[in-house]
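Remember, predicted model here, so these are calculated numbers, not experimental data. Just the heavy atoms: all of them, side chains too, but no hydrogens, waters or symmetry mates, feed the values below. Letters go in sequence order (proteins before strands), and every chain restarts at 1.
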Number of protein chains: 2
Amino acid sequence: MKARVHVSFKSGVLDPQGKAIGLTLGNLGFDGVGEVRQGKLIELELTETDTATAQKSVEAMCEKLLANTVIENYTIELDDN
Amino acid sequence: MKARVHVSFKSGVLDPQGKAIGLTLGNLGFDGVGEVRQGKLIELELTETDTATAQKSVEAMCEKLLANTVIENYTIELDDN
């Protein structure tokens, strides 16, 4: 099973990297770009085949390592194929 | 319109950050984790309302700034809401 974990800053947390991207896009001549946020996307190959168990396991990974839950949110997508 | 750009290393390109995550998950006791890859996810707010124009515009942003197309792939998702 494949898991995709998307980690992004909570709203209200300053995202300087996203801001820099937004400013640079403006400087390059791309108009009409509003807020830009940059997050991480972590793709994991899991040997687990049960979706519920995999979901729990990946949630534990997020809480322990993948996300800093003080300032970051995470979402998990599981792909059975 | 919202655009989500996912930038990840091409397969075959070494991903040390992903490797470090995989090793650390193993050290924390998470078994059954195979390959781990870390990519970036960039979320953009666009004022453009036409999907085709937005797609072209975001592709140009990827080629010029968001992705290093020598070693990275990108995928674009547009969300009309």
Check: Can you check whether A:N68's main-chain N or O pairs, donor with acceptor, with A:E72's side chain at less than 3.5 Å?
Finding: yes
Margin query: According to side-chain contact (heavy atoms from CB on, under 4.5 Å), who are the partners of A:K10, at least two apart in sequence or on a separate chain?
Written below: A:V13, A:N73
Check: Tell me, side chain or backbone of B:A60 under 4.5 Å from chain A's heavy atoms, or both, or neither?
Finding: both
Notebook entry, point to check: Would B:R4 and B:E43 pass as an ion pair if we require N to O under 4.0 Å?
Noted result: yes
Next item on the list: Taking side-chain contact (heavy atoms from CB on, under 4.5 Å) as the test, write out the residues that go with A:D50, two or more places apart.
Entry: A:E48, A:A52, A:T53
Checklist line | Between B:A3, B:G32, B:G34, the one whose heavy-atom pairs under 4.5 Å with chain A are most numerous | finding: B:G32
Checklist line | Best-contacting candidate, A:I42, A:L66, A:D31, against chain B by heavy atom pairs under 4.5 angstrom | finding: A:I42
